[in-house]
Amino acid sequence: MPELPEVETVVRGLRGPLVGRRIVGVRFGKTDFIDDPIALGEQLPGSRIASVERFGKFITLALQPLDTASRDFHLFIHLGMTGQLTSRKPYEPVVAHTHAFVELDDGLELRYTDIRRFGRMLLVPESGMGKFHQSVGRDPLELSQQEFLSRVGGRRARIKALLLDQKVLSGMGNIYTDESLWRARIHPARLAANLQPWQLKLLYRTMRQVLSAAIRHRGSTISDYRDAAGSPGEYQARHRVYGRKGKPCPRCHTPIRRIIVAGRGTHFCPRCQPSPRKKF
DNA sequence: CTTACGGCCTGGGTGC
DNA sequence: TGCACCCAGGCCGTAA
């Protein structure tokens with residue numbers, strides 16, 4: 001599942017092959033994950049890729065039309081659960097469920113593969129970027145501790161739900177939420193308002209440590225995630241709780257439990273992360 | 001307004 | 001061999 005570290009790894013891998021290239025053509029398979037496939041087909045060819053950036057879990061390509069009188073625009077790509085964005089040579093075999101091909105002027109092509117097609121692709125005009133930035137939460141790696149406390153502190157929602165809420169923070173997903181809460185020794189179902197300031201400060205720190213470490217290890221591959229070159233990540237070997245139900249907690253050897261919190265499968269250590277209902 | 005929850009999209013994996 | 005079912009992330013509608 002591509003979350004912030006996986007998307008960041010993809011973006012870093014795409015900058016080399018993409019920035020400065022001109023798009024010479026596009027082809028699509030299924031298009032139900034694209035907001036306006038006709039507009040993409042018309043506007044992408046001829047435009048130059050000025051930059052590749054990440055906003056939360058979105059990948060954005062800044063595009064300059066060939067016709068310099070036209071306004072710049074942005075291609076937004078969200079990988080959903082199973083989306084892969086890879087830079088390939090045209091003769092490389094096309095893996096199943098590849099639904100978009102963006103041909104570049106140096107002969108390489110950008111391919112979008114998505115088994116579930118929970119991903120999204122859309123064009124955003126320059127004029128729409130302000131609205132987008134308003135609607136999306138802050139990037140956890142660009143967020144100060146003060147901002148984190150003001151966005152999360154005092155709220156009566158479960159801490160896990162808040163970390164996952166893309167309008168609060170953009171980029172956290174199920175894996176890194178569970179991993180951050182374990183490191184901060186906070187039960188995922190606790191209400192943010194009931195946490196002590198020192199606990200939120202600790203969570204801020206563990207969240208950023210986990211995300212940075214995951215980026216250094218090129219993300220987590222559970223099943224489908226691949227980077228821009230098609231390679232899996234390596235951080236899954238360092239997961240402490242995610243996907244480790246029944247296995248011993250690395251800190252205290254208590255078996256890791258899996259429950260549902262905020263509608264999501266949630267892994268935690270019942271000893272290190274005491275339940276909000278139990279007092280002792 | 002804030003929070004919780006169920007449903008929907010899709011198809012691979014699992015278990016019978 | 002087949003097949004029903006579960007699950008995933010994001011989003012939306014509805015209810016308290």
Side-chain angles (χ1 to χ4, degrees), chain A residues 1-10 28-37 54-60 76-85 95-100 112-122 124 131-140 150-181 187-195 211 214 219-226 232-233 236 239 241-246 257-268 276-277:
Chain A
M1 286 148 278
E3 305 178 25
L4 187 155
E6 290 76 31
V7 178
E8 180 65 27
T9 303
V10 170
F28 299 123
K30 293 186 180 177
T31 57
D32 56 359
F33 62 98
I34 305 174
D35 276 23
D36 188 345
R54 176 185 64 78
F55 293 103
K57 299 182 196 174
F58 278 98
I59 297 166
T60 64
F76 276 61
I77 299 159
H78 195 294
L79 300 177
M81 283 178 63
T82 56
Q84 302 172 4
L85 204 51
V95 305
H97 306 289
T98 300
H99 295 297
Y112 180 74
T113 306
D114 191 347
I115 297 171
R116 301 278 191 279
R117 302 198 308 286
F118 283 10
R120 252 183 97 193
M121 218 177 264
L122 68 155
V124 175
K131 192 177 157 201
F132 168 77
H133 283 120
Q134 260 186 326
S135 70
V136 76
R138 298 276 285 127
D139 191 301
S150 66
R151 280 179 170 264
V152 171
R155 298 202 39 184
R156 302 196 52 76
R158 292 172 180 139
I159 186 64
K160 168 142 182 169
L162 289 172
L163 294 181
L164 286 175
D165 187 339
Q166 302 297 299
K167 291 185 283 301
V168 176
L169 299 175
S170 59
M172 293 290 282
N174 213 22
I175 296 173
Y176 300 108
T177 298
D178 285 1
E179 292 294 315
S180 303
L181 288 168
H187 191 286
R190 293 199 59 181
L191 302 187
N194 293 345
L195 294 171
L211 292 172
S220 304
T221 295
I222 305 300
S223 56
D224 301 294
Y225 165 70
R226 295 293 183 277
Q236 63 280 0
H239 291 175
V241 285
Y242 186 86
R244 297 191 65 250
K245 175 185 172 186
R257 288 191 57 197
R258 184 182 188 275
I259 58 175
I260 303 294
V261 177
R264 296 281 165 254
T266 299
H267 309 78
F268 74 105
R277 302 205 172 169

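Convention: sequence-line order gives letters A, B, ...; per-chain numbering from 1.
- Put simply, CD on A/E6 is 13 Å from C1' on C/dG9, counting in whole angstrom units.
- Among pairs with a residue in residues 150-162 of chain A, those fulfilling salt bridge (Lys or Arg N to Asp or Glu O under 4.0 Å) read A/K160-A/D178, at least two apart in sequence or across chains.
- Neither OP1 nor OP2 of C/dA8 sits under 4.0 Å from any side-chain N or O of A/R264.
- A/H133 places none of its side-chain heavy atoms less than 4.5 Å from the side chain of A/S135.
- Contacts of A/D224 with the nucleic acid, taken as non-hydrogen atoms under 4.0 Å apart, are absent.
- The shortest distance between side-chain heavy atoms of A/P140 and A/L211 falls below 4.5 Å.
- Of the N and O atoms on the side chains of A/T82 and A/D114, at least one donor lies less than 3.5 Å from an acceptor on the other residue.
- Under a 3.5 Å cut-off, the side chain of A/E3 and the backbone N or O of A/Y176 do form a donor-acceptor pair.
- Contacts between residues 154-167 of chain A and DNA chain B, defined by a heavy-atom separation under 4.0 Å, are made by A/R155, A/R156, A/A157, A/R158.
- Using a 5.5 Å limit on the distance between ring centres and a 30° limit on the angle between planes, the aromatic ring of A/F118 counts as stacked on the six-membered base ring of C/dG9.
- OP1 or OP2 of C/dG9 has not a single side-chain nitrogen or oxygen of A/K57 nearer than 4.0 Å.
- The closest side-chain heavy-atom distance from A/F58 to A/I77 is not below 4.5 Å.
- Here B/dT10 presents its P atom at 18 Å from NE2 of A/H78, a figure rounded to the nearest Å.
- Residue A/L122 contributes atom CG, which lies 11 Å from atom P of C/dC11 at whole-angstrom precision.
- Under the salt bridge (charged side-chain N to carboxylate O under 4.0 Å, His left out) criterion, A/E179 pairs with A/R183, sequence neighbours left out.
- Straight-line distance from the CD1 atom of A/I115 to the C1' atom of B/dG13: 11 Å, rounded to whole Å.
- Across the helix from B/dT2-C/dA16 to B/dC16-C/dG2, the helix axis at one end is tilted relative to the axis at the other end by 50° (nearest 10 degrees, each axis from five pairs).
- The distance from atom CD1 of A/I260 to atom C1' of C/dA8 is 11 Å, rounded to the nearest whole Å.
- Taking atom CZ on A/F33 and atom C1' on B/dC8, their separation rounds to 19 Å, with Å as the unit.
- The phosphate of B/dG12 has OP1 or OP2 within less than 4.0 Å of a side-chain N or O from A/H97.
- Atoms CD1 (A/I222) and C1' (B/dG12) sit 15 Å apart, rounded to a whole Å.
- In this view, A/R264 satisfies the side chain to side chain donor-acceptor pair (under 3.5 Å) rule with no residue, not counting sequence neighbours.
- For C/dG9, its base never sits under 3.5 Å from the side chain of A/R120 at any donor and acceptor pair.
- A/D32 meets the side chain to side chain donor-acceptor pair (under 3.5 Å) test with A/R117; sequence neighbours excluded.
- Rounded to an integer number of Å, the gap from A/K245 NZ to B/dT14 P is 14 Å.
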